[in-house]
Trainee: 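Structure incoming, see below.
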Protein chains: 2
Amino acid sequence: MSNPDPSSPLRRRAPIPKEACALAMAAEEIGDRWSLLILREAFYGVMRYDDIRADLDIPRSVLSDRLARLVARGCLEKRPYREAGDRTRYAYALTHKGRDLATVLIALTQWSETHIIGGPGPVDIIDRTTGRPITAMLVDDADQIVTVADATWRQRPGTNDTTS
Amino acid sequence: MSNPDPSSPLRRRAPIPKEACALAMAAEEIGDRWSLLILREAFYGVMRYDDIRADLDIPRSVLSDRLARLVARGCLEKRPYREAGDRTRYAYALTHKGRDLATVLIALTQWSETHIIGGPGPVDIIDRTTGRPITAMLVDDADQIVTVADATWRQRPGTNDTTS
DNA sequence: GCATCTGAATCCATATTTCGAACTTAGCGT
DNA sequence: ACGCTAAGTTCGAAATATGGATTCAGATGC
């Protein structure tokens with residue numbers, strides 16, 4: 001995903017406008033300071049309003065807004081539950097769509113450990129059944145692991161390049 | 001990276017406070033609406049101020065601020081260049097740290113294609129030398145591909161759980 | 001029934017950030 | 001010297017975030 005031709009390092013326009021860009025749409029959905037942190041809580045199993053609020057120290061109005069947005073976008077779902085002798089409450093649980101963000105969050109965590117923290121973080125990601133440590137990697141269609149430097153991009157056939 | 005014990009789906013506190021969380025730090029650096037999009041431009045090879053501005057339609061003041069921040073954090077570097085018969089200018093190029101975000105951006109693009117667009121996007125990520133399509137995946141330490149559902153987390157030995 | 005507790009959410013006034021447009025700067029070509 | 005252009009800066013208006021107080025709804029206790 002570097003420049004396709006290293007000999008012409010300067011491109012004047014992106015190959016696709018941001019309105020058609022999958023990445024740009026994803027940034028719209030989860031690309032703000034709080035949504036990522038709320039999803040982090042969900043992955044850790046912290047699903048209740050006040051618990052999330054206590055962990056993140058986020059204003060109530062913002063938390064309400066972000067939870068509603070993540071539910072509306074289908075990343076979280078409001079799930080009723082009840083504990084013994086208590087009333088029904090709602091927890092914000094990851095949907096399939098939300099859980100699929102794990103690869104992104106794991107990759108981002110690794111990046112941070114390498115380039116910000118400069119060492120392993122306080123939590124390991126492991127395989128639930130084998131116990132082996134897990135990392136996010138780039139893999140080709142023959143399941144061969146490739147490096148970031150190997151990755152580049154290509155206009156998909158049938159898509160018209162809007163570059164002037 | 002789901003809950004470690006599916007039978008107790010409710011955790012009251014995250015295993016680590018956000019101040020010590022690698023993910024939270026990464027969110028600080030690139031978790032805003034514009035930084036991700038600016039990095040997208042950089043990956044496509046669009047590196048000049050006015051080109052980025054034209055692609056993203058971002059206010060100049062915000063672009064200046066975000067570029068300076070990304071340079072200060074070491075994701076981009078200001079690199080002088082000059083075209084024939086023109087004065088020296090500066091381009092914002094990915095550093096090693098910035099380029100390493102490719103795995104995150106590719107994973108996020110894939111997530112968007114699956115869960116937002118609902119089909120392949122207009123750009124393919126491929127291996128520069130083999131031409132094979134590339135995806136971001138979770139891999140264990142024996143290079144076996146694992147699913148998102150297999151991934152869970154564990155407090156790293158020696159780290160003290162701050163959960164009350 | 002009625003007060004009380006608590007999680008969840010809304011309201012409101014203030015502070016910060018973003019926006020869009022106009023303005024400034026630096027170096028090149030004529 | 002003059003105009004041109006890429007790259008910033010500046011500035012008032014609009015939008016958003018923040019922190020605190022208030023409201024709401026369901027469950028329990030009296």
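Note that the coordinates shown come from a computational prediction; the quantities given were computed from them, not determined experimentally. Proteins get letters first, then strands, A, B, ... in listed order; numbering begins at 1 in each.
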Trainee: Output the rounded distance in Å from CG (A/Asp32) to C1' (D/dT18).
Mentor: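 Whole-Å distance recorded here is 15 Å.
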Trainee: Please give, in whole Å, the distance from D/dA15 C1' to B/Trp34 CH2?
Mentor: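 B/Trp34 atom CH2 is separated from D/dA15 atom C1' by 14 Å.
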Trainee: How many whole angstroms separate atom OH of A/Tyr90 from atom P of D/dG26?
Mentor: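 After rounding, the reported distance stands at 9 Å.
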Trainee: Which nucleotide in the list C/dC19, C/dA8, D/dG8 gets nearest to the side chain of A/Asp50?
Mentor: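 Of the candidates, C/dA8 comes closest.
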Trainee: Atom CZ of B/Arg33 to atom P of D/dT16: distance rounded to whole Å?
Mentor: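 In whole Å, D/dT16 P and B/Arg33 CZ are 8 Å from each other.
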Trainee: To the nearest angstrom, how far is B/Arg87 atom CZ from D/dG8 atom P?
Mentor: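 It is 10 Å, rounded to the nearest whole Å.
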Trainee: Within this structure, what is the CG-CG distance for the pair A/Asp140 and B/Asp127, rounded to the nearest 0.5 Å?
Mentor: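 Atom-to-atom, A/Asp140:CG and B/Asp127:CG are 6.5 Å apart.
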Trainee: Under 4.0 Å between a Lys/Arg side-chain N and an Asp/Glu carboxylate O for B/Arg128 and A/Asp150?
Mentor: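 So B/Arg128 does not pair with A/Asp150 through a salt bridge.
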Trainee: If you go through the side-chain atoms of B/Arg60, does one of them form a donor-acceptor pair with the base of D/dG8 closer than 3.5 Å?
Mentor: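 Result: at least one qualifying N/O pair found.
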Trainee: Specify the separation, in whole Å, of atom OH of A/Tyr49 and atom P of D/dC24.
Mentor: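 So the OH-P distance, A/Tyr49 to D/dC24, works out to 16 Å.
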Trainee: If you assign each of B/Ser61 and B/Arg48 to its closest nucleotide in DNA chain D, which residue comes earlier from the 5' end?
Mentor: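 It is B/Arg48, whose closest nucleotide lies nearer the 5' terminus.
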Trainee: Answer yes if A/Leu101 and A/Met137 sit in the same cluster of Ile, Leu, Val, Met, Phe, Trp and Tyr residues linked by side chain heavy atoms under 4.5 Å apart, and no otherwise.
Mentor: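 Looking at the clustering, A/Met137 is in a separate group from A/Leu101.
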Trainee: Does B/Tyr92 have a side-chain nitrogen or oxygen under 4.0 Å from the phosphate oxygens OP1 or OP2 of D/dA6?
Mentor: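 It does not, given that no N or O in the side chain of B/Tyr92 lies less than 4.0 Å from OP1 or OP2 of D/dA6.
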Trainee: Choose from D/dA7, D/dT9, D/dT18 the nucleotide whose nearest atom is closest to any side-chain atom of A/Pro59.
Mentor: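 Taking heavy atoms from C-beta onward, the closest nucleotide is D/dT18.
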Trainee: Are B/Lys78 and D/dG8 close enough that a side-chain N or O sits under 4.0 Å from OP1 or OP2?
Mentor: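 For D/dG8, OP1/OP2 do have a side-chain N/O of B/Lys78 under 4.0 Å.
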Trainee: Measure the spacing between CD1 of B/Ile125 and OG1 of B/Thr109 and express it to the nearest 0.5 Å.
Mentor: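 Between atom CD1 of B/Ile125 and atom OG1 of B/Thr109 there are 6.5 Å.
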Trainee: With heavy atoms under 4.0 Å as the rule, sort A/Val62 into base, sugar-phosphate or nothing.
Mentor: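 Base contact.
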Trainee: Can you tell which of C/dA8, D/dA6, C/dC19 lies closest to the side chain of B/Arg89?
Mentor: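 The listed nucleotide nearest to B/Arg89's side chain is D/dA6.
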Trainee: Measure the spacing between CG of A/Asp100 and NZ of A/Lys97 and express it to the nearest 0.5 Å.
Mentor: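 Interatomic distance, A/Asp100 CG to A/Lys97 NZ, rounded to 0.5 Å: 10.5 Å.
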Trainee: Between atom CG in B/Asp57 and atom P in C/dT18, what is the gap in whole Å?
Mentor: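 Value for this atom pair: 16 Å.
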Trainee: Between A/Ile58 and B/Ser64, which is nearer to the 5' end of DNA chain D once each is assigned its nearest nucleotide?
Mentor: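 So the residue in question is B/Ser64.
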Trainee: Closest nucleotide of DNA chain C for B/Asp65 versus for A/Leu67: which of these residues is on the 5' side?
Mentor: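 The residue mapped nearer the 5' terminus is A/Leu67.
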Trainee: Rounded to the nearest Å, what distance is computed from the CG atom of residue A/Asp51 to the C1' atom of nucleotide C/dT6?
Mentor: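 Answer to the nearest Å: 13 Å.
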